[in-house]
Amino acid sequence: MTTTSPSTLQRVLNKVEIWGNKLPDPAALFILLLVIVWGLSWALSGIDFNVVDPRSGQALEINNQLSGEAITSFFSSMVTNFSHFHPVGVVLVAMLGIGVAEYSGFINAGLRALMAVTAKWLLTPMIIMVGIVSHSAVDAGYVLVIPLGGVIFYAAGRHPLAGIAAAFAGVSGGFSANFVPSALDPMLQGISQAGAQLLDPNIALNPLNNYYFTAISSILITALGWFITDKIVEPKLQNNKLDGDLTDLPKMDALNNKERKALNFALISIAAGIAILFVTASFESSPWRGDDGSLTAFSAPLMKSIVPLIFFLFLIPGLVYGYMIGSIRSSKQFVEGMSKAMSGMGYYLVIMFFIAQFIYAFGQSNLGILLAVKGAEFLKAMALPGGVTIAGIIVLTGFINLFVGSASAKWALLAPIFLPMLMQLGISPDLAQAAYRIGDSSTNIITPLMPYFPLVVVFCQRYVTSAGIGTLTAMMLPYSITFLVSWTIFLLLYWTLGIPLGVQASYEYIAP
């Protein structure tokens with residue numbers, strides 16, 4: 001038997017994994033970052049950076065987080081920083097319903113039925129595409145699609161970490177690629193319009209001004225992710241031996257008649273639930289709609305209820321399947337399913353506590369705003385040609401994304417600087433927003449500062465107990481670099497060919 005030496009790329013990724021796993025535990029890493037923020041805020045406070053805060057129009061100041069007022073504010077808000085930290089509630093509530101569905105055997109049976117009708121070679125693009133579409137359900141993809149990616153690959157006899165990587169690439173790396181319009185579209189459009197109106201008060205942008213581009217980008221991201229998973233990531237993962245507790249994961253045996261009947265009734269319960277939701281949301285006066293009648297606005301009750309809806313859409317079929325198959329016949333078993341799901345969340349909660357404190361201090365210090373504004377001013381001062389400037393916006397956004405994760409927060413900082421500048425160069429806000437979305441998506445998957453990154457590490461540790469930050473970063477680095485470069489080239493080519501970006505969108509801005 002001959003053995004092949006690892007390629008140069010695999011050797012580089014192996015080094016990234018080794019170095020990355022030598023970093024402190026994620027919880028300790030965020031403690032260290034918190035201390036660094038405190039120190040930097042103290043050292044930089046009182047310095048005049050000659051920067052205007054785009055949020056207030058006032059001079060930007062770094063707030064000393066070691067001052068008496070800041071320290072007392074930090075201690076008094078420590079509990080609420082954690083309890084109100086959005087990813088905590090999202091994960092725990094969704095996991096309660098998923099836990100019952102998993103405990104009853106519903107997820108196991110569903111995956112076995114899916115594997116029976118899906119060719120193994122199509123699993124990768126299927127998972128990536130599902131991850132992309134999951135954006136319509138806000139953060140649901142992180143707690144639902146990513147762990148199922150690992151389970152599906154394991155059930156198919158493939159390395160489960162490759163399934164997690166493919167799902168993570170679709171959910172987070174392709175965050176701005178989607179066949180289905182989502183709440184992200186009107187949110188970014190609103191920020192873009194406000195930024196553009198600083199120069200042209202009468203300009204109006206369509207909420208779907210990037211829809212055609214993001215829809216076609218879904219095909220690009222799926223194809224790139226498919227190639228990277230099968231040709232780069234999965235071969236490299238053969239050195240990562242499975243040593244986790246795999247006793248509860250599904251096998252590939254066919255469903256028996258009783259299981260098939262129970263699965264059918266469980267799926268019918270899901271269809272009934274979705275039908276009820278569709279009917280109740282369809283009429284104009286539906287309580288699911290926001291004040292403006294929209295179902296997809298962030299303020300609409302439907303969008304605020306995505307996670308509870310996921311909870312029920314797993315809980316109910318889980319109970320139906322469990323009752324029919326006999327795995328759940330008492331309230332004790334029902335609660336045990338939830339408890340079992342929560343028992344694996346302890347490590348995640350510890351990490352989330354320290355992430356919440358770091359994000360609070362980082363936000364209060366204004367360090368992230370200073371980084372974003374200074375980077376934008378540097379790009380503006382270079383006065384590069386249009387195509388190079390667009391590429392520069394993508395790269396700068398991708399870099400800032402390593403430190404400031406929120407898509408809306410970053411764009412709120414950058415849009416008032418970028419858009420008036422680009423409009424004076426004849427570049428439309430629609431094109432600038434598309435460029436921003438590429439940079440914002442591509443580096444999501446390689447920054448431990450992204451709140452869901454530690455959760456994905458926890459998912460990996462289910463299969464490989466030694467998996468850490470380095471393991472996940474090494475897995476996702478090929479996706480991130482490839483997405484950033486290829487997606488940028490794709491946008492520039494798209495622009496050159498003049499293919500419409502979206503509804504009522506343009507590439508050029510012509511001053512009135």
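In plain terms, the two heavy atoms of Gly174 and Ile132 that are nearest each other are O-CG1, 4.4 Å. Listed here is the closest heavy atom pair of Ala27 and Val350: CB-CG1, 4.2 Å. Scanning both residues, Val88 and Met352, for their nearest heavy atoms gives CG2-CB, 3.7 Å. Here the shortest heavy-atom pairing between Ala391 and Thr488 reads CB-CG2, 4.0 Å. The heavy-atom pair separating Cys460 from Leu161 by the smallest distance is O-CD1, 3.8 Å. For the pair Ile221 and Ile128, the tightest heavy-atom approach, listed with the atom from each and the gap, is O-CG2, 4.3 Å.
In this structure the side chain of Leu123 reaches within 4.5 angstrom of the side chain of Met126, judged on heavy atoms. The closest side-chain heavy-atom distance from Leu309 to Leu302 is below 4.5 Å. Taking 4.5 Å as the limit, some side-chain heavy atom of Leu242 sits within range of a side-chain heavy atom of Pro160. Put simply, the side chain of Val151 reaches to within 4.5 Å of the side chain of Arg462, judged on heavy atoms. Residues Tyr347 and Gln461 form a side-chain contact, since some pair of their non-hydrogen atoms from C-beta on lies under 4.5 Å apart. Two residues are said to be in side-chain contact when any heavy atoms from C-beta on lie closer than 4.5 Å; Trp487 and Thr482 fail this criterion. Annotation: side chain of Phe453 is in contact with side chain of Thr473 (closest heavy-atom distance under 4.5 Å). Two residues are said to be in side-chain contact when any heavy atoms from C-beta on lie closer than 4.5 Å; Phe106 and Ser327 fail this criterion.
Between atom NE2 of residue His159 and atom CG of residue Asn239 there is a gap of 9.0 Å, rounded to the nearest 0.5 Å. The CD1 atom of Ile164 lies 10.0 Å from the CD1 atom of Ile127; values are rounded to the nearest 0.5 Å. If you take OH on Tyr463 and CG on Leu237, they are separated by 13.0 Å, rounding to the nearest 0.5 Å. If you take CG on Leu34 and CD1 on Ile31, they are separated by 8.0 Å, rounding to the nearest 0.5 Å. The structure places CD1 of Ile481 at 12.0 Å from CE of Met476, a figure rounded to the nearest 0.5 Å. Atom CG of Asn366 is separated from atom OG of Ser41 by 10.0 Å, given to the nearest 0.5 angstrom.
At distances below 3.5 Å, at least one donor-acceptor pair connects side-chain atoms of Ser480 with backbone N or O atoms of Ser442. Using a distance-only test at 3.5 Å, with no hydrogens or angles considered, a donor-acceptor pair links the side chain of Tyr211 to the main chain of Phe179. Looking only at distances, no side-chain donor or acceptor of Gln65 sits under 3.5 Å from a matching main-chain atom of Val37. Formation of a donor-acceptor pair under 3.5 Å by the Asn210 side chain with backbone atoms of Phe213 is not found in this model. Ser104 contributes a side-chain N or O that, together with a main-chain N or O of Ala101, makes up a donor-acceptor pair within less than 3.5 Å. Side chain of Ser269 to main chain of Ala266: a donor-acceptor pair is present (N/O by atom type, distance under 3.5 Å, no hydrogens or angles). Put simply, the side chain of Asn264 gets close to the backbone of Arg260: a donor and an acceptor are under 3.5 Å apart. Counting only distance, with no hydrogens or angles, the side chain of Thr471 and the backbone of Gly468 share a donor-acceptor pair below 3.5 Å. Side-chain atoms of Asn81 never come within 3.5 Å of backbone atoms of Gln357 as a donor-acceptor pair (strictly under, hydrogens ignored). Using modelled atom types, one side-chain atom of Gln333 and one backbone atom of Arg329 make a donor-acceptor pair closer than 3.5 Å.
Looking only at atom types and distance, the side chain of Tyr360 has a donor-acceptor partner in the side chain of Ser73 under 3.5 Å away. Using modelled atom types and a 3.5 Å distance limit, the side chains of Asn401 and Thr443 yield a donor-acceptor pair. With hydrogens and angles left out, the side-chain atoms of Asn178 and Thr214 include no donor and acceptor closer than 3.5 Å. Side chains of Ser441 and Ser176: a donor-acceptor N/O pair is present below 3.5 angstrom, by distance only. Between the side chains of Ser365 and Asn63, not a single donor N or O lies within less than 3.5 Å of an accepting N or O.
In this structure, Phe227 places its CZ atom where only 12 or fewer heavy-atom neighbours from other residues, nucleotides or ligands lie under 6.0 Å away. Within a 6.0 Å sphere centred on CG of Asp243, heavy atoms belonging to other residues, nucleotides or ligands number more than 12. Atom CH2 of Trp42 is surrounded by 12 or fewer heavy atoms from other residues, nucleotides or ligands within 6.0 Å. Open room surrounds OH on Tyr323; 12 or fewer heavy atoms of other groups in view lie less than 6.0 Å from it. Heavy-atom neighbours of Lys231 NZ from other residues, nucleotides or ligands within 6.0 Å: at or below the threshold of 12.
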Using the side chain to side chain contact (heavy atoms under 4.5 Å, CB included) rule, take Trp288 and Leu277 through it: C-alpha gap first, then chi angles, then the decisive distance, then the call.
CA-CA 9 Å; Trp288 290 114; Leu277 179 63; 3.7 Å; yes
_Criterion side chain to side chain contact (heavy atoms under 4.5 Å, CB included) on Val130 and Leu148, from CA distance to verdict_ = CA-CA 11 Å; Val130 170; Leu148 288 183; over 6 Å; no
Review point. Checking side chain to side chain contact (heavy atoms under 4.5 Å, CB included) for the pair Phe85/Ile355: CA distance, chi angles, key distance, verdict?
Key: CA-CA 9 Å; Phe85 192 41; Ile355 291 180; 3.7 Å; yes
Report the C-alpha separation of Tyr479 and Phe168 in whole Å, then their side-chain angles, then the decisive distance to 0.1 Å, and conclude whether the side chain to side chain contact (heavy atoms under 4.5 Å, CB included) test is met.
CA-CA 10 Å; Tyr479 297 99; Phe168 194 20; over 6 Å; no
Set out, in order, the CA-CA distance, both residues' side-chain angles and the distance that settles side-chain hydrogen bond (donor to acceptor under 3.5 Å, both in side chains) for Ser172 and Tyr452, then state yes or no. CA-CA 10 Å; Ser172 197; Tyr452 290 104; over 6 Å; no
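Side-chain rings of Phe74 and Trp38 approach one another, their centers coming within less than 6.0 Å.
For Arg437 and Phe175, the positive end is not near the middle of the six-membered ring at less than 6.0 Å and at most 45° from its axis.
Sorted by first then second residue, the ring pair (Phe, Tyr, Trp, His ring centres under 6.0 Å) pairs that include residues 11-34, not counting sequence neighbours, are Phe30-Phe358.
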